[in-house]
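These notes concern the structure reproduced below.
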Amino acid sequence: MAALRPANHSTSAASAPARAPGGGYRPEIQGLRAVAVLLVAVYHVWFGRVSGGVDVFLLLTGFLITGSLLRMVERRGRVAFAEFWTRLAKRLLPSAAVVLAGVLTAAWLFLPPDRWRDTISEVIGSALYYQNWLLAVNSVDYLAQNNAAGPAQHFWSLSIQGQFYLLCPVLVAVAAGVAARRRWPVRRVLLGLLAVLFAVSLAYSVLITGANQQWAYFDTGARLWEFALGGLLAIVPDRLRAARPLRVAIGWSGLVALVSCGILFQVSTVFPGYAALWPTLAAALVIAAGSTGSPVGADRLLNWAPMHYIGGISYALYLWHWPVLICYLAVTGRHMPSLLGGCSVLALSIVLAAATTWLTDNGVERFTRTRTTPLWSLLVGVLCVLPVVTAAAAWSAHLAEQQRQRAELAADPAHYPGARALGGGGGYPDLPIYPDPAEAAEDLPATYEDECNQGTTGSEVRVCEYGSDSPERTIALVGGSHAAHWFPALEQIAERNDWSVVNITKGACLFTDAPQTYKGREYTACAVWNQGVLEELERLRPDAVFTTATSSSLDSEARGEDGESVVEGYPERWAQLGELGIDVVAVRDTPRFGFDTASCLAAKDAEECSGDRGRSLADDPPYEELGDVPENVSFIDLNDRLCTGGECPAVIGNVLVYWDGSHMTATFMKSMAPVLEPELKRAAGW
């Protein structure tokens, strides 16, 4: 199950009292919670997609919390901030802490070590309510796109809700203040503020979803309108005063529309934006219909005792179903549960949810029943979360210390020769792999830490120069991530030869003027960037440009029969550089494995994690079949040094070669410098 496939999750609205703005109990809301959480779980378990249920819970949160705060203001004339926030902490944090502690334990027991650090980061982000921003950053990080889904990833919606909990009391307090000063009804003022918030957030959501849907999915600003819509329902008459048959029809229309949302929309790729109006308005119809009392009304189903029970444990069920599913997939090695496996996941999740709800209701609530001050409530919340955060931080520190010790050992080339072992010298001891597969994704070229590589969303040309201040030669590294991973070797060569390396790279963007796509869409940012790069090279006039000569691929239809080709537009781009008097050193692309080598090595022996050379590379370099190659172009092919026969090992000389399925680690690339240097000088004629 891919990471950053947004999990459609229930939120703490699942645990809020199902009360109308006027204070009356709304039994159908409890059933609506059950429908939403069951949709979430079922779609995750058997369909590997999301259902729109998260939007229902965000709407319910706005509806219930706004109503609660409004009643507080109408009774007391003010918002009791400390009481509101600490009461929420006491209600929400104990269950969350229990699940996060379970996630840490399950990660250690069931997940491979290469997933531990990401899980720790997720747990801390979830406990401190900023998980959605972590996922937003990763969602637009080209190099993070292959991360496996984490067992705490689903807390992103809870984080958004926590941020709304900070905003909503302030908004209601502002409305109360304006109403008191102007002597207006507080409901009317709050209605206006929520209407503005709804309009602004929805407009922003539509714009950002169209421009960058991956970011928008986790962006709090793109979700606030859903809370605001619920708040508007809490202020206007929330139940229709209409004939029973009409309310029955409205209730069923809303329920059917809600259930069909995940079928009609691929929610994870089109939400939030205007498409999220579908499930939110569907839920609004159910709320508007209310309890009809009809034997054929939708509320009859929602008020059914089993639905009420699921609704009562829906918060904990939401919290548990995702980590249980992730651990099941990790243990079984499956991408999707079987029918029996899925039923087992749901059954275990329900048992854990029931136990967690019982524990918090009969433990925390009983303990604090006579201790109702805000200080006690805050203390309960902190005491629940603090051990989880402390344990996660201590585990992270332990892993960091292990990595430091291994790095010290790896600094000795006699122990970790890397590419130096390609010459057949041998004689190095058999030691643990470096970098540790669990840390491999962080073993990147320095240019990534320096933010010198343009991401997939930007088009600005970032130019960073490394090496000598007065170089004898200047070489520009240009292209996508498969060009960028050569930087550590080029930097070492430059240092030895008093050269300069200019880094100009962009994720998933090849150096060509031909149209390119990214994730199935036209890659316009790449086209703009490419034009800017050509202008920048015309200004810089380096001695040579180092770039990729071919593109390897696991998709034979996209790249030709052998899975590798000279990309359309490459020769023309090289010729353009020739007209500027710039030589081109074009390196043949490196293999693609079709699986994450770091994850493979975390679970298997190195021999089992070798790649098939012929799966992504042609038998002979495709550029040999080109007709007229521009005179300024020379080629380098080092794949015979990376592969033996038809096998490409994932580990050479105790050093991990690839940190994912195709990108080389910086450590291995540094060891490639002695191999690349003579080939580079030959190709460039230096």
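Proximity of a side-chain donor or acceptor of D450 to a complementary backbone N or O of C452 within less than 3.5 Å is not detected. Formation of a donor-acceptor pair under 3.5 Å by the S396 side chain with backbone atoms of A393 is not found in this model. In this structure, S552 contributes its side chain and T590 its backbone to a donor-acceptor pair below 3.5 Å. With hydrogens and angles ignored, the 3.5 Å screen pairs a side-chain donor or acceptor of H154 with a backbone N or O of L319. For the pair D605 (side chain) and E607 (backbone), a donor-acceptor distance under 3.5 Å is absent. A donor-acceptor pair under 3.5 Å is formed between the side chain of D443 and the backbone N or O of T667. Between the side chain of S314 and the main chain of G311, a donor-acceptor pair closer than 3.5 Å is present. Proximity of a side-chain donor or acceptor of S662 to a complementary backbone N or O of R592 within less than 3.5 Å is not detected. For S205 (side chain) and S201 (main-chain N/O), no donor-acceptor pair under 3.5 Å exists by modelled atom type. When atom types are taken as modelled, the side chain of S159 and the backbone of Q131 share a donor-acceptor pair closer than 3.5 angstrom.
Every residue was checked against the side-chain hydrogen bond (donor to acceptor under 3.5 Å, both in side chains) condition with W486, not counting sequence neighbours, and none meets it. Contacts of R223 classified as salt bridge (charged side-chain N to carboxylate O under 4.0 Å, His left out), with partners at least two apart in sequence or in another chain: D55, E226. Partners of W85 according to the side-chain hydrogen bond (donor to acceptor under 3.5 Å, both in side chains) rule, which considers only residues two or more places apart in sequence or in another chain, do not exist here. Listed by chain and residue number, nothing satisfies the ring pair (Phe, Tyr, Trp, His ring centres under 6.0 Å) test with F668 (two or more places apart in sequence, or in another chain). Residues passing the side-chain contact (heavy atoms from CB on, under 4.5 Å) test with L601, sequence neighbours excluded: I433, P437, A606, C609, A650, V651, L656. Partners of A97 according to the side-chain contact (heavy atoms from CB on, under 4.5 Å) rule, which considers only residues two or more places apart in sequence or in another chain, are C384, V388. Under the side-chain contact (heavy atoms from CB on, under 4.5 Å) criterion, C643 pairs with P591, R613, C648, sequence neighbours left out. Not a single side-chain hydrogen bond (donor to acceptor under 3.5 Å, both in side chains) links E647 to another residue, sequence neighbours left out. Residues forming a salt bridge (charged side-chain N to carboxylate O under 4.0 Å, His left out) with R117 (at least two apart in sequence, or on another chain): E439, E442. Evaluation of the side-chain contact (heavy atoms from CB on, under 4.5 Å) rule for D430 yields N654 as partners, not counting sequence neighbours.
Looking only at side-chain heavy atoms (C-beta outward), W659 and P435 stay at 4.5 Å or farther from each other. Side-chain contact between Y416 and Y428 is absent, with no heavy atoms from C-beta onward closer than 4.5 Å. Counting only heavy atoms from C-beta outward, the side chains of T356 and Y315 never approach each other to under 4.5 Å. D660 places none of its side-chain heavy atoms less than 4.5 Å from the side chain of T597. Taking the side chain as every heavy atom from C-beta outward, Q402 and D436 never approach each other to under 4.5 Å.
S157 and N132 share no side-chain donor-acceptor pair at under 3.5 Å. Using modelled atom types, one finds no donor on one side chain facing an acceptor on the other under 3.5 Å when comparing Y217 with Q213.
Taking OG of S349 as the reference point, atom NE2 of H44 lies at 12.0 Å (rounded to 0.5 Å). With rounding to the nearest 0.5 Å, the separation of CG in L346 from CG in L325 is 9.0 Å. Between N212 atom CG and I208 atom CD1 the span is 5.5 Å, to the nearest 0.5 Å. The distance from the CG atom of L38 to the CG atom of L317 is 7.0 Å, given to the nearest 0.5 Å. Going from atom CG of L93 over to atom CG of L386 covers 11.5 Å, rounded to the nearest 0.5 Å. The structure places CG of L409 at 10.0 Å from OH of Y434, a figure rounded to the nearest 0.5 Å.
Legend: side chain to side chain donor-acceptor pair (under 3.5 Å) pairs involving residues 99-114, not counting sequence neighbours, sorted by first then second residue: D114-S599. Screening residues 377-404 for salt bridge (charged side-chain N to carboxylate O under 4.0 Å, His left out) gives E401-R404, R404-E408 as the qualifying pairs, with residues at least two apart or on separate chains.
Atom CD of Q405 has more than 12 neighbouring heavy atoms from other residues, nucleotides or ligands inside a 6.0 Å radius.
Taking the six-membered ring where tryptophan is involved, the planes of H663 and H482 are perpendicular, since the angle between them exceeds 60° and thus also 30°.
For F155 and W322, the ring centers sit 6.0 Å or farther from each other. Residues Y658 and F593 place their aromatic rings such that the two centres sit under 6.0 Å apart.
When each of Y129, F218, Y130 is checked for a ring-ring contact (aromatic ring centres under 6.0 Å, His included) with W156, only F218 meets the rule.
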